[in-house]
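Along the sequence shown, residues carry numbers from 1. As the structure is a computational prediction, the values presented were derived from the model and not from experiment. Note that these values count all heavy atoms, side chains included, but never hydrogens, waters or copies made by symmetry.
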Amino acid sequence: MAYRPTEKTEARKAAQRQRILDAGVHIVSEGGFGAVTISAIAQRAGVATGAVYMHFSSKAELCAEIFRLATQKEVDVVRQTALREGPPAQRLLNTILAFSKRAIRARRLAFALIAEPVDALVDAERLRYRHAYAEIFRQLVEDGIRSGDFPAQDASISAAALVGVIAEALVGPLMWQEGHQPVIEENALVHSIQAFCLRAVAMKSPE
């Protein structure tokens, strides 16, 4: 008779997989993707090295899944903030504030997710999630056009530009050097990003 995993067995496997991923996120938060090794994650998760390979065929696959887990949380925050009720311009400012504050609070993790050189599998995930962010901002810009808050524009291009501006504006302040955390003038940084992005979508184009 073929073995059929029980619900309890599947639940244990799922819990173990989640522990491994959570351990990976913690390690990336402390040292970036460069600090990720199978043995370090196994030790942090309290499992044998072989158990990691039961769930992930390679370090690259594991890193890609760690990236998905960590980034999806940020996408969910951006979506919730950007698409709630309220004037589009204010929602744009609130979204930039929420994303920037979270990035600054967890700057090592944020830099790893936004800009750290990574394996091709992780880089592919990074591109996919940039598209996810852009889709959220596209909906926000379209809301602004419909309400008359923003002038007519190509919402897809504006959204992609917003994602690029926000990420690029944060990369420098989030830059990480071993033993040195750059000083961030948080309020001034966030205000500058907000002001630039609002001007970008709210100003009328020259005739």
Side-chain angles (χ1 to χ4, degrees), residues 13-47 49 51-83 94-137 140 159-160 162-178 181-182 184 186 189-190 193:
K13 286 172 61 178
Q16 185 181 71
R17 185 178 188 275
Q18 190 61 48
R19 283 205 313 277
I20 291 168
L21 289 173
D22 290 341
V25 172
H26 283 299
I27 288 173
V28 173
S29 298
E30 295 167 354
F33 283 100
V36 174
T37 65
I38 298 297
S39 59
I41 286 181
Q43 183 176 9
R44 177 69 69 96
V47 300
T49 301
V52 179
Y53 284 110
M54 285 175 54
H55 297 280
F56 305 96
S57 62
S58 66
K59 175 185 167 182
E61 181 187 333
L62 173 56
C63 284
E65 190 62 30
I66 291 169
F67 184 95
R68 280 193 288 270
L69 175 64
T71 305
Q72 187 60 52
K73 293 178 182 178
E74 305 310 315
V75 170
D76 290 342
V77 169
V78 167
R79 180 180 292 109
Q80 181 182 22
T81 309
L83 303 183
N94 291 345
T95 302
I96 294 168
L97 176 64
F99 182 85
S100 300
K101 291 277 190 181
R102 288 174 64 83
I104 292 166
R105 272 203 308 269
R107 62 175 72 179
R108 189 64 185 91
L109 176 61
F111 180 77
L113 298 179
I114 294 171
E116 182 181 346
V118 288
D119 179 89
L121 277 179
V122 179
D123 213 29
E125 289 300 317
R126 182 178 284 159
L127 181 60
R128 187 166 76 86
Y129 275 100
R130 282 178 75 95
H131 289 317
Y133 283 122
E135 174 60 19
I136 295 167
F137 280 108
L140 194 160
L162 288 173
V163 173
V165 165
I166 296 166
E168 190 62 29
L170 287 170
V171 165
L174 293 173
M175 285 288 282
W176 190 272
Q177 296 177 347
E178 193 63 37
Q181 287 191 348
I184 296 177
E186 185 173 328
L189 172 63
V190 174
I193 298 172

Please say whether more than 12 non-hydrogen atoms of neighbouring residues, nucleotides or ligands are located less than 6.0 Å from CD in Gln43. no
Take atom CD in Glu168; do more than 12 heavy atoms of anything else shown fall under 6.0 Å from it? no
Give me the atom names and distance for the closest heavy-atom approach of [X] to [Y].
X: Gly32; Y: Ala112; answer: CA-CB, 4.2 Å
X: Ala35; Y: Ile27; answer: O-CG2, 3.6 Å
X: Leu170; Y: Ala103; answer: CD1-CB, 4.2 Å
X: Ala98; Y: Val77; answer: CB-CG1, 4.3 Å
X: Val122; Y: Ala60; answer: CG2-O, 4.5 Å
X: Arg130; Y: Gly164; answer: NH2-CA, 3.6 Å

Spatial distance of atom [atom1] ([X]) from atom [atom2] ([Y]) [nearest 0.5 Å]:
X: Ile66; Y: Glu125; atom1: CD1; atom2: CD; result: 12.0 Å
X: Ile96; Y: Phe137; atom1: CD1; atom2: CZ; result: 6.0 Å
X: Arg105; Y: Glu186; atom1: CZ; atom2: CD; result: 8.0 Å
X: Leu109; Y: Arg102; atom1: CG; atom2: CZ; result: 9.5 Å
X: Asp119; Y: Leu62; atom1: CG; atom2: CG; result: 11.0 Å
X: Leu121; Y: Arg68; atom1: CG; atom2: CZ; result: 8.5 Å

Candidate pair Leu21 and Phe56, rule side-chain contact (heavy atoms from CB on, under 4.5 Å), full reasoning: CA-CA 10 Å; Leu21 289 173; Phe56 305 96; 3.6 Å; yes
Check ring-ring contact (aromatic ring centres under 6.0 Å, His included) between Tyr133 and all other residues, then give those that pass, not counting sequence neighbours. Phe99
Could you tell me whether Asp76 and Lys73 make a salt bridge, using a distance below 4.0 angstrom between a side-chain N and a carboxylate O? no
Using the rule given for side-chain contact (heavy atoms from CB on, under 4.5 Å), can you reason through Ile104 versus Leu189, listing the C-alpha separation, both sets of side-chain angles and the distance that settles it, and then say yes or no? CA-CA 10 Å; Ile104 292 166; Leu189 172 63; 4.1 Å; yes
Listed by chain and number, what are the side-chain hydrogen bond (donor to acceptor under 3.5 Å, both in side chains) partners of Asp123, not counting sequence neighbours? none
Going through the checks in order, is the side-chain contact (heavy atoms from CB on, under 4.5 Å) test met by Val47 and Ile41? CA-CA 9 Å; Val47 300; Ile41 286 181; over 6 Å; no
Under 3.5 Å, side chain of Glu116 to main-chain N/O of Phe33, donor-acceptor pair present? yes
Check: Arg108 side chain, Gly31 main-chain N or O, donor-acceptor pair, under 3.5 Å: yes
Can you tell me which residue among Arg17, Lys13, Gln16 is in a side-chain hydrogen bond (donor to acceptor under 3.5 Å, both in side chains) with His55? Gln16
Heavy-atom side-chain proximity of Val163 to Ile136 below 4.5 angstrom: no
Taking the side chain as every heavy atom from C-beta outward, state whether Thr81 and Leu97 have any pair of such atoms under 4.5 Å apart. no
Apply side-chain contact (heavy atoms from CB on, under 4.5 Å) to residues Ile193 and Ser100 and explain how you reach the verdict. CA-CA 9 Å; Ile193 298 172; Ser100 300; 4.2 Å; yes
